[in-house]
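The chains referred to below are lettered A, B, ... by the order of the sequence lines, with proteins before strands, and numbering in each begins at 1.
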Number of protein chains: 2
Amino acid sequence: MTVLETTNPTTNSDDCAGPRRQDRRPDGQDRYTISEVVVFTGLTAHTLRWYERIGLMPHIDRSHTGQRRYSNRDLDWLDFVGKLRLTGMPVADMVRYAELVREGDHTYGERFELLESTRRAVLDRITELQDTLAVLDRKISFYAEADLDAGLARQVESAR
Amino acid sequence: MTVLETTNPTTNSDDCAGPRRQDRRPDGQDRYTISEVVVFTGLTAHTLRWYERIGLMPHIDRSHTGQRRYSNRDLDWLDFVGKLRLTGMPVADMVRYAELVREGDHTYGERFELLESTRRAVLDRITELQDTLAVLDRKISFYAEADLDAGLARQVESAR
DNA sequence: CGCTTGCTTGGAGTGCACTCCAAGGTTTTA
DNA sequence: TAAAACCTTGGAGTGCACTCCAAGCAAGCG
């Protein structure tokens, strides 16, 4: 029975977080197989190939038999893409950004604007989350009190 | 041609944010049709019915002919659900919470824990977004410099 | 009364972001 | 050299959160 293409996201061998990304090799010997990149990024091999298909990656180098060989530069790009993903940016927008990078230096302005509007979206989202947190805290402290006096609690809640 | 079931999220008639929720009627005359609730919540009628089907709503009162009549209490619940949705909580978890509420007072402990872990998730997410913001800012200031070099200073200034 | 608009249902469809599969070729280990 | 593990592709499948549809009943107005 072959396992192939691990799917379990907990099999990351990096349970204790932190920037301990295994052992990147120096430029020149940076020809990583897809499964090494899986370890570096936490993405699945499926996802890495899919990123390439949709144009989110630059063209990845290949071995003489056609297997992917990722470079340190590719890893840097994947790190950045991971950050964009954390912002909640849709994949389509990330692809747009990747296209701009491929098109060359004359797209700096547009890239700047894309990042700026992403930045604003992140700031808005943070504000939104902080507001929500306030509501959550009120509800939580209500339940904490209710814990002390479970009988009256329901009436209090319906009154808000 | 019948329009029915508006789909356009910008047809909210509430473009200028704020808590100006139209005109809630006093308790006793609070029997809103589904389309009134659409205006209050910004959700579509489809979504409101779907929330009911999946058990995210308590049983909604009906007119003598079977049409939904929402109460102020239902509106409060939908507001709270909206907050939970903003946290990114999966709908399945919200349904779980709704079940706990239906089950009665003896589930206070579990509700408390659910809210507490949601709270922690929100805090983590805020931290994550702030970290991401730092990366974004570095990238943006790089582009801002590049823009200056490229003679695009005007754009930079207008962007702040 | 007829017309338009609104509401009902179960079930099917959509868009996103993956996620997996089959069938085969490649590389590493014993 | 043979088995085990790893890699390739195009296309199909999954899960989530809606989103829409068809067919028909209900409500408000001139």
Side-chain angles (χ1 to χ4, degrees), chain A residues 1-12 31-57 59-70 74 78 81-82 84-98, chain B residues 1-12 31-57 59-70 74 78 81-82 84-98:
Chain A
M1 189 181 90
T2 324
V3 174
L4 280 181
E5 313 296 5
T6 179
T7 275
N8 188 343
T10 67
T11 312
N12 201 340
R31 294 176 57 76
Y32 308 99
T33 64
I34 199 165
S35 59
E36 285 176 298
V37 178
V38 164
V39 175
F40 284 133
T41 63
L43 299 168
T44 69
H46 297 303
T47 300
L48 287 167
R49 288 191 280 257
W50 179 67
Y51 277 3
E52 212 177 318
R53 262 194 293 190
I54 64 175
L56 186 50
M57 297 296 296
H59 277 97
I60 303 298
D61 203 17
R62 301 295 173 124
S63 74
H64 70 105
T65 54
Q67 296 194 352
R68 288 171 182 78
R69 294 295 180 259
Y70 291 81
D74 296 327
L78 281 168
V81 162
L84 292 184
R85 210 164 49 111
L86 285 180
T87 69
M89 180 189 277
V91 169
D93 290 4
M94 296 195 259
V95 169
R96 174 75 189 131
Y97 187 84
Chain B
M1 191 180 85
T2 323
V3 173
L4 279 180
E5 313 295 7
T6 179
T7 276
N8 188 340
T10 67
T11 313
N12 202 338
R31 294 176 59 76
Y32 309 98
T33 64
I34 200 167
S35 58
E36 286 177 298
V37 179
V38 164
V39 174
F40 284 132
T41 61
L43 299 169
T44 69
H46 297 304
T47 302
L48 286 167
R49 288 191 279 256
W50 178 66
Y51 276 4
E52 209 177 320
R53 260 193 295 191
I54 64 175
L56 186 49
M57 297 296 295
H59 278 98
I60 302 299
D61 203 15
R62 300 297 172 123
S63 75
H64 69 107
T65 52
Q67 295 194 353
R68 288 171 181 78
R69 295 294 179 259
Y70 291 81
D74 296 328
L78 281 169
V81 162
L84 292 184
R85 209 164 49 111
L86 285 180
T87 68
M89 180 189 274
V91 169
D93 290 3
M94 297 194 257
V95 170
R96 175 73 189 133
Y97 186 84

**Q** For C/dT8, take OP1 and OP2 only and decide whether either is under 4.0 Å from a side-chain N or O of B/R68.
**A**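 Affirmative; the distance criterion is met.
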**Q** Classify the nucleic acid contact of A/R69 as base, sugar-phosphate or nothing, counting any heavy atom under 4.0 Å across all strands shown.
**A**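 Nothing, no nucleic acid heavy atom in range.
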**Q** OH of B/Y70 versus C1' of C/dG6: gap in Å, rounded?
**A**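 Answer to the nearest Å: 14 Å.
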**Q** When you get a sec, tell me which of D/dC7, C/dT8, C/dC18 is the closest nucleotide to the side chain of B/I34?
**A**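 From the listed options, C/dT8 comes nearest.
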**Q** Which nucleotide in the list C/dC18, D/dC20, D/dT8 gets nearest to the side chain of A/V91?
**A**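 Of all the options, the side chain of A/V91 is nearest to C/dC18.
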**Q** Here's a test for you: under side chain to side chain contact (heavy atoms under 4.5 Å, CB included), which of B/H46, B/E52, B/R53 qualifies with B/W50?
**A**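 Running side chain to side chain contact (heavy atoms under 4.5 Å, CB included) over B/H46, B/E52, B/R53 with B/W50 returns exactly one hit, B/R53.
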**Q** Any chance you could measure A/M89, atom CE, to A/T87, atom OG1, to the nearest 0.5 Å?
**A**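 OG1 of A/T87 is found 5.0 Å from CE of A/M89.
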**Q** Would you say A/Y51 places a side-chain N or O within less than 4.0 Å of OP1 or OP2 belonging to C/dC18?
**A**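 Looking at the OP1 and OP2 atoms of C/dC18, one of them is under 4.0 Å from a side-chain N or O of A/Y51.
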**Q** In whole Å, what is the span from the CG atom of A/D93 to the P atom of C/dC16?
**A**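 Taking atom P of C/dC16 as the reference, CG of A/D93 is at 11 Å.
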**Q** Considering only side-chain heavy atoms of B/R49, which listed nucleotide, D/dC7, C/dT26, C/dT9, is closest?
**A**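 For the B/R49 side chain, the nearest candidate turns out to be C/dT9.
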**Q** Would you indicate which nucleotide in D/dC6, D/dA17, D/dC20 comes nearest to any side-chain atom of B/R53?
**A**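 Among D/dC6, D/dA17, D/dC20, the one nearest the side chain of B/R53 is D/dC20.
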**Q** Tell me if a side-chain donor or acceptor on B/E36 pairs with a main-chain N or O of B/T33 at a distance below 3.5 Å.
**A**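 Yes, the answer is positive, given that a donor and an acceptor are paired below the 3.5 Å cut-off.
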**Q** To the side chain of A/T65, which of D/dA17, C/dT19, C/dT26 is closest?
**A**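 Output: C/dT26.
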**Q** Please tell me if A/T47 has a side-chain N or O lying less than 4.0 Å from either OP1 or OP2 of C/dA17.
**A**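 Negative; the distance criterion is not met.
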**Q** Whole angstroms only, please: what is the CZ-P distance between A/R62 and C/dT27?
**A**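 Distance check: A/R62 CZ to C/dT27 P gives 13 Å.
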**Q** Which nucleotide, C/dT9, D/dC18, C/dC7, lies nearest any side-chain atom of B/R85?
**A**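 Ranking C/dT9, D/dC18, C/dC7 by closest atom to the B/R85 side chain puts D/dC18 first.
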**Q** Find out whether A/Y32 and A/D74 are in side-chain contact, i.e. whether some heavy atom of one side chain is under 4.5 Å from a heavy atom of the other.
**A**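 The answer is no, as the side chains (C-beta and beyond) never meet within the 4.5 Å cut-off.
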**Q** Look at the side chain of A/H64 and decide which nucleotide, out of D/dA27, D/dA17, C/dT27, has an atom nearest to it.
**A**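 The answer is C/dT27.
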**Q** Of the nucleotides C/dC7, C/dT19, D/dC18, which one has an atom closest to the side chain of B/T33?
**A**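 Nearest to the side chain of B/T33 among the choices is C/dC7.
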**Q** Roughly, in whole Å, what's the span from CD in A/E52 to P in D/dC7?
**A**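 From A/E52 CD to D/dC7 P: 14 Å.
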**Q** Whole angstroms only, please: what is the CZ-P distance between B/R31 and C/dG6?
**A**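 It is 20 Å, rounded to the nearest whole Å.
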**Q** Output, in order, the C-alpha distance, side-chain angles, deciding distance and verdict of side chain to side chain contact (heavy atoms under 4.5 Å, CB included) for A/R69 and A/R62.
**A** CA-CA 5 Å; A/R69 294 295 180 259; A/R62 301 295 173 124; over 6 Å; no
**Q** From the list D/dT8, D/dC18, C/dA17, which nucleotide is the closest neighbour of the side chain of A/W50?
**A**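 Selected nucleotide: C/dA17.
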**Q** Should B/S63 be listed as having a side-chain N or O under 4.0 Å from OP1 or OP2 of D/dA26?
**A**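 The answer is no; no side-chain N or O of B/S63 sits under 4.0 Å from OP1 or OP2.
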